[in-house]
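First the structure, in the form of structure tokens, and then the observations on it.
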There are 2 protein chains.
Amino acid sequence: MTQLDQTFAALGDGTRRAILARLTRGEAALSEIAEPFEMSQTAVSKHVRVLSEAGLVRVSKRGRTRYCRLEAAPMKQAAEWLETYQTFWEGRFVALARYLEENP
Amino acid sequence: MTQLDQTFAALGDGTRRAILARLTRGEAALSEIAEPFEMSQTAVSKHVRVLSEAGLVRVSKRGRTRYCRLEAAPMKQAAEWLETYQTFWEGRFVALARYLEENP
DNA sequence: GATATAGTCAACCAATAAGTTGACTTTAGA
DNA sequence: TCTAAAGTCAACTTATTGGTTGACTATATC
């Protein structure tokens with residue numbers, strides 16, 4: 001799996017996106033993160049691991065608690081990949097078609 | 001699965017992203033799409049189905065061949081979701097933190 | 001020292017994903 | 001009409017995902 005694979009795959013789950021949204025409000029302990037979800041802490045822990053392996057979250061241990069921090073950097077590449085298609089969802093095909101003609 | 005789930009999940013696979021990239025060069029038959037990949041046409045067909053169910057590709061039958069067209073619209077939502085995090089990967093936390101303070 | 005809290009780990013389960021193959025249908029072309 | 005091409009479908013395999021529970025470790029706190 002490439003970084004892009006991991007990033008997109010990690011984002012393809014609502015629970016994980018919600019975790020990331022939570023982390024925009026600042027660092028949080030795993031138990032805090034898990035609290036609003038109707039699933040075991042272990043399950044949330046697994047989601048955090050997926051995010052962490054994708055580089056979207058950094059976990060640091062202090063005492064007995066694990067603090068999670070948002071690490072948005074990998075999203076940049078994903079956003080850039082998507083931007084390639086912006087002309088298409090905006091319906092401006094012609095400009096891109098010409099660009100691709102001129103840059104084969 | 002929400003639309004966003006489906007979009008991100010569909011993009012979390014290199015083969016599928018390659019298919020989409022191919023389709024930026026215009027409509028293509030399934031067999032054309034499948035040709036460069038080292039897997040069966042059936043496998044590619046399944047990938048196209050995933051893309052189609054995510055609304056990222058539209059398939060139209062003409063004669064015995066299925067033509068696939070890029071349908072980029074769902075990417076817009078994904079891009080917008082990612083943009084929310086732009087301030088983070090750019091390191092401009094302060095501005096967003098203030099925004100969130102003022103808009104709780 | 002006793003107990004509660006934060007979290008991991010291993011084992012398990014059910015569902016889904018990603019691929020294969022072989023048989024089949026439909027359409028095109030010689 | 002015969003054959004080849006485009007594609008689907010069903011069945012199967014293997015691996016991964018998303019979740020559970022129960023036992024465990026490590027750290028706080030009383």
Side-chain angles (χ1 to χ4, degrees), chain A residues 1-23 26-71 74, chain B residues 1-23 26-70 74 78:
Chain A
M1 279 230 279
T2 69
Q3 174 63 58
L4 212 45
D5 284 338
Q6 277 192 298
T7 305
F8 277 129
L11 297 180
D13 181 289
T15 302
R16 287 195 289 264
R17 288 198 308 279
I19 292 172
L20 294 174
R22 164 66 187 85
L23 293 181
E27 198 176 52
L30 201 66
S31 48
E32 279 181 84
I33 294 172
E35 198 272 325
F37 295 103
E38 286 175 346
M39 64 179 79
S40 67
Q41 195 187 353
T42 305
V44 173
S45 176
K46 282 189 182 181
H47 280 300
V48 168
R49 181 186 307 280
V50 172
L51 290 168
S52 151
E53 279 168 359
L56 290 164
V57 158
R58 229 181 62 195
V59 183
S60 59
K61 182 179 168 180
R62 287 207 297 282
R64 66 183 163 182
T65 84
R66 265 71 173 176
Y67 291 94
C68 303
R69 249 185 45 203
L70 179 60
E71 206 66 62
Chain B
M1 278 229 279
T2 69
Q3 174 63 57
L4 213 44
D5 284 339
Q6 277 192 297
T7 305
F8 278 130
L11 296 180
D13 180 290
T15 302
R16 287 195 288 264
R17 289 198 308 280
I19 291 173
L20 293 173
R22 164 66 186 84
L23 293 181
E27 199 177 51
L30 201 68
S31 49
E32 280 180 84
I33 294 171
E35 198 272 325
F37 295 103
E38 286 175 345
M39 64 180 80
S40 68
Q41 196 187 351
T42 304
V44 173
S45 176
K46 283 190 182 180
H47 280 300
V48 168
R49 181 186 308 279
V50 172
L51 291 168
S52 151
E53 280 168 359
L56 290 164
V57 158
R58 229 182 60 195
V59 182
S60 58
K61 181 178 167 181
R62 287 208 295 283
R64 66 182 164 184
T65 84
R66 266 71 174 175
Y67 291 95
C68 302
R69 249 186 45 203
L70 179 61

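This structure is a prediction, so every number in the text was calculated from the model and none was measured. Computation of the quantities below employed the complete heavy-atom set of this structure, encompassing side-chain atoms and omitting hydrogens, waters and symmetry-equivalent molecules. In what follows, chains are A, B, ... by sequence order, proteins preceding strands, each numbered from 1.
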Is the shortest heavy-atom distance from the side chain of A:Pro74 to the side chain of A:Gln3 under 4.5 Å?
yes

Describe the nucleic acid contact of A:Arg49 in one word from base, sugar-phosphate, nothing, applying a heavy-atom distance below 4.0 Å.
sugar-phosphate

Could you state the CZ-P distance from A:Arg66 to D:dA26, rounded to the nearest angstrom?
10 Å

Nearest 0.5 Å, please: how far is OH in B:Tyr67 from OG in B:Ser31?
8.0 Å

Using whole Å, report how far CG of A:Leu30 lies from C1' of D:dA26.
15 Å

For B:Ala10, does its backbone N or O pair with a side-chain atom of B:Arg16 as donor and acceptor, under 3.5 Å?
yes

Listing time: all N or O pairs from protein to nucleotides 22-26 of chain C that are below 3.5 Å?
none

Determine, step by step, whether B:Leu20 and B:Leu11 satisfy the side-chain contact (heavy atoms from CB on, under 4.5 Å) criterion, reporting the C-alpha distance in whole Å, the side-chain angles of both residues, the deciding distance to 0.1 Å, and the verdict.
CA-CA 9 Å; B:Leu20 293 173; B:Leu11 296 180; 3.5 Å; yes

Interatomic spacing from NE2 in B:His47 to CD1 in B:Ile19 - rounded to 0.5 Å
6.5 Å

How many Å lie between CD on B:Gln41 and C1' on C:dT21, as a whole number?
14 Å

Measure the distance from CD1 on B:Ile33 to P on D:dA6 and round it to the nearest whole Å.
13 Å

Here the gap from B:Leu51 atom CG to B:Lys46 atom NZ, rounded to the nearest 0.5 Å, amounts to 14.5 Å

Closest contact, heavy atoms only, A:Gly12 versus A:Arg17:
C-NH1, 4.0 Å

Are side-chain heavy atoms of B:Thr15 and B:Met39 found at a separation under 4.5 Å?
yes

Give me, pair by pair, the N or O atoms of the protein and of nucleotides 15-19 of chain D that are less than 3.5 Å apart, along with how far apart they are.
{"residue": "D:dG18", "atom": "OP2", "partner": "A:Arg16", "partner atom": "NH1", "Å": "3.0"}
{"residue": "D:dG19", "atom": "OP2", "partner": "A:His47", "partner atom": "NE2", "Å": "2.2"}
{"residue": "D:dG19", "atom": "N7", "partner": "A:Lys46", "partner atom": "NZ", "Å": "3.1"}
{"residue": "D:dG19", "atom": "O6", "partner": "A:Lys46", "partner atom": "NZ", "Å": "2.4"}

